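Have a look at the structure below before the remarks.
Throughout, protein chains are lettered first and strands after them, A, B, ... in sequence-line order, and every chain is numbered starting at 1. From a predicted model like this one, the values you see are computed outputs, not experimental measurements.
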2 protein chains.
Amino acid sequence: MNIGQAAKSSGLSAKMIRHYESIGLLGPATRSESGYRLYGRNDLHTLVFIRRSRDLGFSLDEVSRLLALWLDRTRASAEVKSLAAKHIAVLDRKIDELTGLRETLLNLVNHCHGDHRPDCPILEDLEAGIVSPRERTD
Amino acid sequence: MNIGQAAKSSGLSAKMIRHYESIGLLGPATRSESGYRLYGRNDLHTLVFIRRSRDLGFSLDEVSRLLALWLDRTRASAEVKSLAAKHIAVLDRKIDELTGLRETLLNLVNHCHGDHRPDCPILEDLEAGIVSPRERTD
DNA sequence: TTCGACCTTCCCATCGTGGCAAGGTCAAGC
DNA sequence: GCTTGACCTTGCCACGATGGGAAGGTCGAA
């Protein structure tokens, strides 16, 4: 099948499939006589694997390692588990970070009258440039 | 003071201060005879405002609007509150998204033996390309 | 043959930041 | 005076992952 169909079937965009090939995440696709990229069942399988990995938030670099493990029948599942665990740790850190910001902002918003008057604790906070955001939950 | 001192005092990098000027977030700085940017007390105040806003996760576009409100003495605090509330909503969405991914991954990791054998539920999931609404975020 | 849908490559934009290069300026020490 | 090092200037390139679009080739059906 051509790239358009492969894109539809995998959920990736044709643009991204070409990009993945250009950065070496995918090997060069077979070409038709006229130069069109051709994808078979195995290729499609790989594309789906990539899409699912991206959907789970893995970076292209991580996807690349996951792909290698997937194709390596002598892999130890411990390696995959470790990669996924590291990714979870990254997610945890991000979630904590965003949650901290959220709390600070919520606090400020709750203290703001939100009426026609100009006085605003939110702006006052921004103005003060408080250094440790997480501790600012008064 | 020169840009280096302004950077140190505000917590921004000199690079970013120049960038903010180039995109119009900051007005053109006063210049010394030799072309050095000069920053006074008010300028520093603004830089600190920007840094704090960025620290709270506002985009440069939002910072721009916050700055305008800050400088507008006839502002209604409701406008600031609304802007902040919208930002909280964005944070909420992101947190939900990441939490969803985290849960899925944690589940997979917990089901993986993580030993020397190749069998791995994580790879099996990626292979299957499961699409659940919770995780289809892009 | 023509038309529309597809494909190709290549470049540019995003967002926010860092890095580096080539050059100008300034203040301190000799 | 002159050198040195720290600072400043502008400008371009890079990241990560993706989208947009231009300019042109190919295919299949009417």
| Main-chain N/O of Leu69(B) paired to Arg75(B) side chain as donor or acceptor, under 3.5 Å | yes
| said: So does Ser77(A) get a backbone contact from the side chain of Arg117(B), meaning a donor-acceptor N/O pair under 3.5 Å? | reply: no
Can you pull every protein N or O that's under 3.5 Å from an N or O on nucleotides 2-6 of chain C?
from: dC6(C); atom 1: O2; to: Tyr36(A); atom 2: OH; distance (Å): 3.4

| request: Might you confirm whether atom CG of Asn42(B) has over 12 heavy atoms from other residues, nucleotides or ligands at distances under 6.0 Å? | output: no
| Whole-Å gap separating C1' (dC8(D)) and CG (Leu38(B)) | 11 Å
| task | Tell me which residues in residues 13-20 of chain A put a heavy atom below 4.0 Å from DNA chain D, sorted by number, or none. | result | Ser13(A), Lys15(A), Met16(A), His19(A), Tyr20(A)
| Whether His87(A) side chain and Leu105(B) backbone form a donor-acceptor pair below 3.5 Å | no
| message | Less than 4.0 angstrom between a side-chain N/O of Arg37(B) and OP1 or OP2 of dT9(D), yes or no? | response | yes
Residues 57-67 of chain A, side-chain donor-acceptor partners within the protein, below 3.5 Å, at least two apart:
from: Ser59(A); atom 1: OG; to: Asp61(A); atom 2: N; distance (Å): 3.4
from: Ser59(A); atom 1: OG; to: Glu62(A); atom 2: N; distance (Å): 3.2
from: Ser59(A); atom 1: OG; to: Glu62(A); atom 2: OE1; distance (Å): 3.4
from: Asp61(A); atom 1: OD2; to: Arg65(A); atom 2: NH2; distance (Å): 2.7
from: Glu62(A); atom 1: OE1; to: Ser59(A); atom 2: N; distance (Å): 2.8

| task | For DNA chain D, determine which residues of residues 21-34 of chain B have any heavy atom closer than 4.0 angstrom to one of its atoms, and list them numerically. | result | Arg31(B)
| note | Minimal heavy-atom distance between Arg18(B) and Ile3(B), with the atoms involved, is CG-CD1, 3.5 Å
| field | Residue pair Gly114(A) / Ala78(B): nearest heavy atoms and the distance that separates them | value | O-CB, 3.3 Å
| query | Taking only residues two or more places apart in sequence, or in another chain, which ones meet Ser32(A) in a side chain to side chain contact (heavy atoms under 4.5 Å, CB included)? | reply | Ser34(A), Tyr36(A), Leu38(A)
Donor-acceptor pairs are to be reported for all side-chain atoms of residues 7-17 of chain A against protein atoms at under 3.5 Å, with residues two or more places apart or in another chain.
from: Ser9(A); atom 1: OG; to: Gln5(A); atom 2: O; distance (Å): 2.9
from: Ser9(A); atom 1: OG; to: Gln5(A); atom 2: NE2; distance (Å): 3.1
from: Ser10(A); atom 1: OG; to: Ala6(A); atom 2: O; distance (Å): 2.8
from: Ser10(A); atom 1: OG; to: Ala7(A); atom 2: O; distance (Å): 3.3
from: Ser10(A); atom 1: OG; to: Leu12(A); atom 2: N; distance (Å): 3.2
from: Ser13(A); atom 1: OG; to: Met16(A); atom 2: N; distance (Å): 3.1

| Rounded to the Å, how far apart are Leu12(B) CG and dG18(C) C1'? | 14 Å
| Do other residues, nucleotides or ligands put more than 12 heavy atoms under 6.0 Å from Arg41(B) CZ? | no
